[in-house]
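Reviewing the structure listed below.
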Protein chains: 2
Amino acid sequence: MDLKTLDVFLDVARAGSFAAVAHARDLDPSSVSRAIADLETDLGVRLFQRSTRRLALTEAGDVFLGRVEPLAEELRRARDAAVQVSGAPRGRLRLTASVTFGQRCLLPRLPEFRRRYPDLALECLFTDANLDLVADRIDLAVRLAPAIEGDLVASKLMDTRYRVVAAPAYLDRSPPLERPADLQAHRCLRFTLGAYRTRWLFRDAQGAIETVPVDGDLTLSPAGALREAALLGLGPALLPDWLIDEDLAGGRLRQLFPGWAATATTFDTAAWAVYPSRAFLPQKVRVAIDFLRESLAAQASSK
Amino acid sequence: MDLKTLDVFLDVARAGSFAAVAHARDLDPSSVSRAIADLETDLGVRLFQRSTRRLALTEAGDVFLGRVEPLAEELRRARDAAVQVSGAPRGRLRLTASVTFGQRCLLPRLPEFRRRYPDLALECLFTDANLDLVADRIDLAVRLAPAIEGDLVASKLMDTRYRVVAAPAYLDRSPPLERPADLQAHRCLRFTLGAYRTRWLFRDAQGAIETVPVDGDLTLSPAGALREAALLGLGPALLPDWLIDEDLAGGRLRQLFPGWAATATTFDTAAWAVYPSRAFLPQKVRVAIDFLRESLAAQASSK
DNA sequence: TCCATTCGTGCATATCGTGCACGAATGACG
DNA sequence: CGTCATTCGTGCACGATATGCACGAATGGA
């Protein structure tokens, strides 16, 4: 049973004519005739009594019409409802990012986002666990990486950089840190993740890369905790710019080796908006991506 | 949008797997995958987020599911309702017959019919106008004719015969009526319709046909009125057996020329149940035909 | 009676649905 | 981490179905 056929049935019942409906729908009358005949066969019930000039609903046809007419309308509504949910910046958006990035870069932007899209409810899952977009029904993930692999679609929000920093008080009472290699004489504040614990990489203005072994008696996670330790003057730390830019500007932290790019993994990395598919992208996701890109870009360009 | 596709969608939403649904329905998984993809294209909305091991409804998919789930059930009900109306001896039956036949042969049978089929409402249109089955939405017509022509379906209920009759009092005071030709000396009671007004036909035991011109100063319609005139002794009348059998048995009328078959049109004629179509014949019509055939046949065999 | 319109059907063809084969991705398991 | 079974998506071929066209029969109006 085809919904188009049901619509044809409704039209024929109203018009009392196959030919009139065929004309209105730009179909051949034989198609309408057959569609109705097929529907009758499908149902096992005669819906119309026919003569060439007259068409009348049977009692069964009457009953079917009464039942089916509201349903056709409901189905249109079902479609419209689905389209509307998808097409409008409303509904519920499930967003995930790491704890620190979420709190540092996304949370402060929520008031403005809410102001712009008051019909859009946000569900933020800030976690350092790498949530599965399908299984956890995530609409949008913000991920920090040099690039995004796999089937997922990614849209770059902003570039990110790492810097080695330390508190002024730490620097005042410590041996000088003029070159990256000087770190080896210091107890560095290390991030929990693999490469961050053993060696940091530096690239100078000419592009030469230097690997510096690092060690220390403090390993921390998440990145926000590392920042706190650095602010407390516990040692040098390798931290992302978006986390410490304000501390640097406020003098609470100082950047070491400003002529060098620093990292523990890759020098070129970014924050990405990641979502499962481009096809039929709900509007709510679209506007969130655009908002974040715009907002974070504005932050980046003010450095 | 196909209802089968909607059912597949519902199954997939419940099972969270294309493959499982394909297996349950004995389909290839690619068919399920395509059906859902086509539905998404049709709607312009993504209903599921997919990974090979995981399938999750989108928010739009959720909304659509909630809307569509009750509709599938309602459509099944619509079909069932139509089938039920058609399949059961219930509902409303529109029946037509000529005034006289209706009152004489059908009306007395209504109590028994109602007793048998209490859920079946009868709408009887006894009229001498030849109603159109389609335009007037007649389920069943009882027609008196030698045969039924055209597209309509006819089922013979019983044979009918005409007889020339007169009241005993009329015969006592009139010239003798021993042969059909004797009618010419009498003022016959004539029926309004064409051939009944000018000549009656007689066929003897050997099959020889004699045409007798008839005349008189009284022309009547319907047949019941003609019968009344005959009972009043106003003259000889050509009347159908079903109308006068009881009068003959009660001696109120006498049959003339018993060795001859009489008619104004054709000698072999019958009462027919006529209905628009055999295809998907509603049960209510079926039982009415069967009832009338059985009941009228019983009347015929008791003569 | 004539004629325009309508429904139904045969036929040919275009379109669509579906199975099969296969590749890529996913997770569970050892 | 590697292996493997399972799952979804896609190309291809082919069968099934939908549809237009032509035409005949019937209907009703003039």
Side-chain angles (χ1 to χ4, degrees), chain A residues 1-5 7-9 11-13 15-42 46-57 130-136 148-153 194 276-280, chain B residues 1-9 11-13 15-42 46-57 130-136 148-153 276-280:
Chain A
M1 201 190 302
D2 182 68
L3 279 174
K4 182 184 169 185
T5 304
D7 281 337
V8 170
F9 166 73
D11 286 351
V12 171
S17 161
F18 289 173
V21 172
H23 182 256
R25 287 173 165 262
D26 205 29
L27 291 175
D28 194 79
S30 66
S31 297
V32 174
S33 176
R34 288 192 179 108
I36 300 296
D38 289 347
L39 181 58
E40 286 174 323
T41 300
D42 195 16
R46 194 164 192 85
L47 298 173
F48 293 105
Q49 303 292 22
R50 298 143 163 91
S51 75
T52 56
R53 290 299 176 94
R54 289 251 192 282
L55 204 59
L57 277 165
N130 219 21
L131 293 186
D132 181 86
L133 268 60
V134 173
D136 298 306
I148 301 295
E149 317 244 330
D151 211 11
L152 301 177
V153 187
S277 168
R278 229 175 224 124
F280 310 126
Chain B
M1 203 191 302
D2 181 70
L3 278 175
K4 183 184 168 185
T5 304
L6 286 184
D7 281 337
V8 170
F9 166 74
D11 286 351
V12 171
S17 160
F18 289 173
V21 172
H23 181 255
R25 288 174 163 261
D26 206 29
L27 291 175
D28 194 78
S30 67
S31 296
V32 174
S33 176
R34 286 191 179 109
I36 300 296
D38 288 347
L39 181 59
E40 286 175 321
T41 300
D42 195 16
R46 192 163 195 86
L47 298 173
F48 292 105
Q49 302 293 18
R50 299 144 163 91
S51 75
T52 54
R53 289 299 177 97
R54 288 250 192 283
L55 204 60
L57 276 166
N130 219 20
L131 292 185
D132 182 89
L133 268 61
V134 174
D136 298 306
I148 300 295
E149 316 245 329
D151 211 13
L152 302 177
V153 187
S277 169
R278 229 176 223 122
F280 310 126

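The structure presented is a predicted model; accordingly, all values stated were derived computationally and were not measured. Within every chain, numbering begins at 1; the chains are lettered A, B, ... in the order of the sequence lines, protein sequences first and strands thereafter.
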Checklist entry - Distance-only, no hydrogens or angles: does the A:D42 side chain make a donor-acceptor pair with backbone N or O of A:D38 under 3.5 Å? => result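 Checked: no pair found.
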
Item to check | A:E40 side chain vs A:L47 backbone, donor-acceptor pair below 3.5 Å | outcome: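 At least one qualifying donor-acceptor pair exists.
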
Whole angstrom value for the distance that separates [atom2] of [N] from [atom1] of [X]:
X	N	atom1	atom2	value
B:D38	C:dG17	CG	C1'	9 Å
A:L131	C:dG27	CG	P	13 Å
B:I36	C:dG17	CD1	P	13 Å
A:L133	C:dA25	CG	P	17 Å

Item to check | Electrostatic pair B:D132:A:R54 at N-O distance under 4.0 angstrom | outcome: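 Salt bridge absent between B:D132 and A:R54.
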
Checklist entry - What distance separates B:S33 OG from B:L27 CG, expressed to the nearest 0.5 Å? => result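 Between B:S33 OG and B:L27 CG, I get 12.0 Å after rounding to 0.5 Å.
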
Item to check | Plane angle bin for A:F9 and A:F48 - parallel if under 30°, tilted between 30 and 60°, otherwise perpendicular | outcome: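 If you compare the ring of A:F48 with that of A:F9, the planes turn out tilted.
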
Next on the checklist: Go nucleotide by nucleotide along DNA chain C from the 5' end; which of B:L27 and A:D132 gets its closest nucleotide reached first?
Outcome noted: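 It is B:L27, whose closest nucleotide lies nearer the 5' terminus.
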
Checklist entry - How would you list, by chain and number, every residue that makes a salt bridge (charged side-chain N to carboxylate O under 4.0 Å, His left out) with A:R53, sequence neighbours excluded? => result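 By the salt bridge (charged side-chain N to carboxylate O under 4.0 Å, His left out) rule, A:R53 matches no residue at all.
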
Item to check | Per-nucleotide protein contact string for nucleotides 7-15 of chain D (B base, S sugar-phosphate only, - none; heavy atom under 4.0 Å) | outcome: BSSBBB---

Next on the checklist: It should be established whether A:K4 places a side-chain nitrogen or oxygen under 4.0 Å from OP1 or OP2 of nucleotide D:dT19.
Outcome noted: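 For A:K4, the contact criterion (side-chain N or O under 4.0 Å from OP1 or OP2 of D:dT19) is met.
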
